[in-house]
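Notes to accompany the following structure.
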Amino acid sequence: MRRTALAFALCAAAAALHAQPLRERVAATLESRGLGRDALGVVGNVLRHEAPPPPATPPLVVELLADPLAAADAAAIFRRAVPTELVELANVGVGRSRESFERLLERYIAELAEARAALAAAVQPFDEAGFVRALSEGVTAERVQAVAEATDRAGLDRAIAQFLRATARFVRELRSPGVRVPDGPRRFDSPIGAVVIGSRGADRHGPDAALIIDPGGDDVYERAPATAGAVSVIIDLAGNDQYGGSDVAVRALSAIVDLAGDDRYAMSGPGLGAAVAGASVLVDLDGDDSYEASTFAQGAAAFGLGALVERRGNDRYRVQAFGQGYAVSGGLGLLWDQAGNDTYLGEGLPDPYQREGRLGFTQGAASGLRTPLGGGIGILRDDAGDDSYDAQMFAQGAGYYYGLGVLWDGGGNDRYRAVRYAQGSAAHQALGVLRDETGDDRYELAAGIGQGTGQDLAVGVLVDGAGDDRYRTLYDAQGTALANGFGLLADLGGNAQFAAGEGARAWGEARWMRRLPSVGVLLHEPGARFLRGGKSAGPAPYRIEHETEAPPRCPKIAPAPEAAAAPFWTLLAKVSPQLYAEPEPALYGDILRRLIERTAASMAEVPPGNFVLLYTLGEVFPCALAAATPGEAERMWQAIDGMLGSPYLGVIGEALRLHPGPPALMARLRAALDTHRHCALRTLSLATWGSADEARAALGSSCWRLQAAALERLSTLGVAPPADVSLPKFLKPQ
C-alpha cells in the first residue's frame with residue numbers, strides 16, 4: 001500500500017512539474033495558428049457576458065471554464081473537490097487507543113447524534129420516499145429543485161464533515177491492538193436508534209439498526225434506503241460478506257466500512273455510496289470484491305456526498321447508469337480504487353434521441369439540469385493496476401451543463417472503451433477530464449465526440465503522461481472542439497498512434513462559431529503515427545472554417561385546422577426529439593396552430609428555465625410565422641409587441657430576423673435587444689441592423705462576441721475599423 005501511494009504521489013508531482021511546459025506547448029500551438037493565447041479565454045469571455053452560472057454550480061467549475069488548461073491538473077481538482085475528512089476515512093489506519101470498546105462506542109454514538117442533529121438543522125424534509133422511487137425511473141428537475149430549496153449547503157457540509165470525522169476516528173481506534181470487540185449477538189437502543197453487535201459467526205443483519213458492528217464471519221446484510229434524518233452505519237471487521245437491497249441515503253447519513261474479505265455488494269435498487277441531501281460512504285479496505293447495481297450507485301450524489309473507496313484487491317464494478325463517480329446538481333460523487341487490476345462496466349439506459357449508444361453518465365461524469373441548476377462534480381480515481389473501463393455515452397471523464405466529470409488513473413496498462421461523449425468530453429458549459437499518468441493504454445470510441453473534445457462553450461481534456469498509447473475514434477475527437485468549445489488531447493510520452501474515420505474532424509481541427517474560434521489542440525511526441533479510414537495520414541494544416549448556423553428547418557406540414565386541448569408545453573416536450581427527423585404531422589400542425597392563434601398564451605406556458613422546451617419553441621416559432629396568413633401574421637405581431645420585455649425576447653428576435661414585422665414593431669424590438677444585459681441579444685441586433693457608428697462603438701466592448709459582430713458589420717457596410725482598436729489576437733486582421 002505504501003509503495004502504491006508513493007508511486008502515485010510521484011506521478012502527481014511529475015504532472016505538476018509538467019504543467020507549465022504543457023501550458024507553453026499549447027500557447028505555442030495557438031500562436032502558430034495566428035490565434036494567440038487569447039483563444040484560451042473564449043469560453044470564459046462568452047459565459048461572462050451572458051446569464052450568470054445557474055444556482056448550485058460549483059465555484060471550481062466556473063474557475064476552470066475561465067482557465068481550461070488548469071483542468072489538466074487532476075491532482076489539484078481532487079484536492080479541491082474532495083473533503084479532507086473523506087480522505088482521512090479512505091486512508092484510515094491502525095489506532096493506539098487504550099480505551100475500552102464500550103467507551104469508544106459510547107463516544108461514537110454521541111458524535112453520530114450530533115451529526116444527525118446538524119443534518120436536521122441543515123436540510124428540511126421533502127418528498128424523500130418519492131425521490132427514492134425516482135432514482136430508478138429518472139430524476140426530474142422539479143424533484144432536484146425541491147431538494148435545493150430544502151438544503152442549507154454550508155450546514156450540510158458541516159454535518160457531513162462531523163459524520164466523516166467521527167467515523168474515521170472510531171474505525172481507527174477500533175483497530176487498535178488493545179481493543180477487542182465483544183462477541184455477540186447483542187442489541188440495545190441508543191440516542192441514534194438500535195445498535196447491534198454481531199457474532200464471529202455467519203450473521204444475517206436486517207436494515208432496521210442505526211449502527212451494526214460485526215467482529216467476523218461470512219455475514220449477510222440486507223440494506224434499505226435511509227431517510228428522514230436517519231443514521232445507518234455498518235462496520236464489519238472480517239469475513240466474506242454479502243450486501244443486498246438498496247443502500248442509498250436521502251436526507252440521511254450512511255456508512256459501510258468493511259475491513260477485510262472477498263465481499264459481494266449486489267443492489268436490487270439504487271445505492272452503494274449514493275446520497276441525496278446527505279452522505280453515504282462505502283469503504284472496503286481489502287479483498288477481491290464485486291459491486292453490482294442498477295442506477296445511481298457506486299459513488300453518486302445530488303446535494304451531498306456519495307463515495308465508494310476500495311483500498312486493495314482486484315475488483316469488479318457494474319452499474320447500468322448514473323454511477324461509478326457521478327454527480328448531479330450540488331453533489332460530489334466519488335469512486336476511488338487505490339490498487340488492483342479492476343474492471344468497470346457501465347451498461348447504459350435507452351437513449352430517447354436514438355443515437356449510437358445508450359445513456360450512461362458513468363466512470364467520472366457529472367451533469368446539471370439545463371437550465372435551472374448547475375451540475376456537480378463526479379470523480380473516478382484509480383491509483384494503480386491494469387484496468388478495463390467499458391461504458392456507453394457520457395462517461396470516462398464527461399461533463400454536461402456546468403458539471404465537472406473526471407477520470408484519473410495513476411498507472412498501469414489500461415483499456416478505455418466507450419461510444420460517444422466520453423474520454424475527456426464535455427457539452428454545454430461543462431468540463432470533462434481524463435488523465436492517465438503512465439502505461440501502455442488503449443482508448444476506443446465506437447462513435448465520436450471525445451478523447452479531448454469540448455462542445456458548446458465546454459472544455460474536454462485528455463492527458464496521457466507516458467507510455468505507448470493507441471487512440472481510435474470515428475469522428476469529432478482527439479483534440480477537437482465544437483461551437484466555441486476547447487478540446488485538448490495531450491500524449492506527453494511514448495510512441496502514440498491516432499486513428500480516426502474517413503473525413504473525421506480530428507487532430508486539432510475545430511470550426512469557428514458565433515464569429516469566434518473553437519479551439520482544438522493535439523500534442524504528441526515525434527514519431528506518432530496517424531491513420532484516417534485505416535490509411536496512413538497526418539493532421540491537416542490549420543485553416544479557419546466556420547460552422548454553418550442554419551435557420552430552423554420548417555417541415556412541409558400545414559397548421560392544424562383547430563387547436564387541441566392538451567397543454568402547449570406537453571406538445572413541445574413530445575415533438576422535441578422528433579425535430580431531428582420528421583415530426584408527427586398532427587402534433588406539429590397543432591403546435592403551429594397554437595402559436596398562430598394563441599401566441600402570447602402558448603409561449604407563456606413554456607417555463608423560461610426549461611432549456612429543452614425553450615429551445616424547441618425557438619425552432620418552431622419562426623415556422624409558425626412563416627405559415628401564418630397575412631391576417632394571422634398581423635395578430636401575431638400584435639401579441640409579440642406586448643412580449644418584448646419577456647424571457648422569450650431571444651426567440652422573438654431570431655424569428656423576426658427571419659420574418660420581419662412592421663417597421664414600428666421592428667424598431668421596438670431593436671430597442672429591447674440593444675439594451676439587454678446579455679451580449680448575445682445585443683449581438684443579434686448589431687449583426688442584423690447595426691449602423692457603422694454603432695459597430696464602431698461596439699468595438700470598445702469587453703464582449704468578444706459583440707466585437708466580432710461589429711467587425712463583420714463594418715465589413716458588410718464597406719467601412720474600415722479604427723486602426724487603434726483593442727482586439728484579441730484572433731480577431732485582428734492577419
Side-chain angles (χ1 to χ4, degrees), residues 134-141 143-144 270 293-298 300 302 318-329 333 344-371 375-376 378 389-401 403 405 407 416-430 432 444-451 453-456 458 460 473-477 482-483 485 501 570 572-584 587 610-613 615-616 619:
L135 288 174
S136 297
E137 302 162 1
V139 175
T140 64
R143 287 197 181 277
V144 180
S294 56
T295 59
F296 204 74
Q298 299 172 16
R318 184 180 68 82
V319 71
Q320 276 193 293
F322 309 111
Q324 296 178 358
Y326 166 74
V328 71
S329 304
Y344 302 87
L345 174 61
E347 296 176 332
L349 298 171
D351 176 26
Y353 293 95
Q354 298 182 343
R355 290 164 289 194
E356 298 98 325
R358 297 164 68 85
L359 286 178
F361 285 100
T362 58
Q363 298 174 13
S367 63
L369 299 170
R370 200 174 179 197
T371 55
Y389 303 89
D390 283 271
Q392 292 286 310
M393 295 195 297
F394 294 103
Q396 297 173 3
Y400 179 87
Y401 196 63
L407 197 167
Y416 303 87
R417 288 173 290 198
V419 176
R420 176 172 167 158
Y421 300 120
Q423 298 173 9
S425 176
H428 312 307
Q429 304 89 59
E444 300 176 21
L445 285 179
I449 313 183
Q451 295 179 0
T453 297
Q455 178 181 5
D456 188 24
T473 186
L474 286 184
Y475 62 85
D476 293 345
L482 306 158
T570 64
L572 289 182
K574 188 175 180 181
V575 84
S576 177
Q578 300 179 15
L579 293 180
Y580 291 89
E582 287 299 318
E584 180 185 335
L587 172 64
N610 188 314
F611 174 83
V612 172
L613 295 184
Y615 176 84
T616 306
E619 290 291 297

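Atom set for the values below is all heavy atoms of this structure, side chains included, hydrogens, waters and symmetry mates excluded.
- Side-chain contact between Leu407 and Tyr416 is present, with at least one heavy-atom pair separated by less than 4.5 Å.
- Counting heavy atoms from C-beta on, the side chains of Ile449 and Tyr475 come closer than 4.5 Å.
- Residues satisfying the side-chain contact (heavy atoms from CB on, under 4.5 Å) test with Ala327, not counting sequence neighbours, are none.
- Shown here for Ala477 and Thr453, the closest heavy-atom pair between the two residues is CA-OG1, 3.4 Å.
- The nearest pair of heavy atoms linking Arg358 to Pro350 is NH2-CD, 3.8 Å.
- Between the side chain of Thr473 and the backbone N or O of Ala447 there is at least one donor-acceptor pair closer than 3.5 Å.
- Ion pairing between a basic and an acidic side chain is recognised when a charged N comes within 4.0 Å of a carboxylate O; Arg318 and Glu347 show such pairing.
- For Ser294, there are no side chain to side chain donor-acceptor pair (under 3.5 Å) partners two or more places apart in sequence or in a different chain.
- Using modelled atom types, no side-chain atom of Thr295 and backbone atom of Ala321 make a donor-acceptor pair closer than 3.5 Å.
- For Asp390, the salt bridge (charged side-chain N to carboxylate O under 4.0 Å, His left out) test picks out Arg417, with sequence neighbours left out.
- Here the side chain of Ser576 pairs no donor or acceptor atom with the backbone of Leu572 at under 3.5 angstrom.
- For the pair Gln324 (side chain) and Leu345 (backbone), a donor-acceptor distance under 3.5 Å is present.
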- Please assess Leu474 against Leu445 for the test side-chain contact (heavy atoms from CB on, under 4.5 Å), listing each intermediate value before the final yes or no. CA-CA 7 Å; Leu474 286 184; Leu445 285 179; over 6 Å; no

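- With rounding to the nearest 0.5 angstrom, the CZ atom of Phe296 is 15.0 Å from the CD atom of Gln320.
- Using modelled atom types, one finds a donor on one side chain and an acceptor on the other under 3.5 Å when comparing Gln423 with Gln396.
- Tyr615 and Arg370 share no donor-acceptor pair across their side chains, judged by distance under 3.5 Å alone.
- Of all heavy-atom pairs spanning Gly376 and Ala366, the tightest one is O-CB, 3.3 Å.
- Residue His428 forms a ring-ring contact (aromatic ring centres under 6.0 Å, His included) with just one option from Tyr421, Tyr401, Tyr400, Phe394, and that option is Tyr400.
- A 4.5 Å side-chain heavy-atom check between Leu579 and Thr616 finds at least one atom pair inside the cut-off.
- Annotation: side-chain contact (heavy atoms from CB on, under 4.5 Å) contacts of Asp351 (sequence neighbours excluded): Tyr353, Arg355, Leu359, Met393.
- Within the model, atoms OG of Ser425 and CD of Gln451 stand 10.0 Å from one another, a figure rounded to the nearest 0.5 Å.
- Judged as a salt bridge (charged side-chain N to carboxylate O under 4.0 Å, His left out), and not counting sequence neighbours, the contacts of Glu444 are Arg415.
- With rounding to the nearest 0.5 Å, the separation of CZ in Phe322 from CG in Leu349 is 6.0 Å.
- A distance-only check finds a donor-acceptor pair linking the side chain of Gln578 to the backbone of Glu584 [under 3.5 Å].
- Partners of Tyr344 under the ring-ring contact (aromatic ring centres under 6.0 Å, His included) rule, at least two apart in sequence or in another chain, are Tyr317, Tyr389.
- When every heavy atom of Gly346 is checked against every heavy atom of Thr362, the shortest pair comes out as CA-OG1, 4.1 Å.
- In terms of heavy-atom proximity, Pro577 sits nearest to Pro352 at CB-O, 4.3 Å.
- Contact detail for Phe361 and Ser367: the closest heavy-atom pair is CE2-CB, 3.8 Å.
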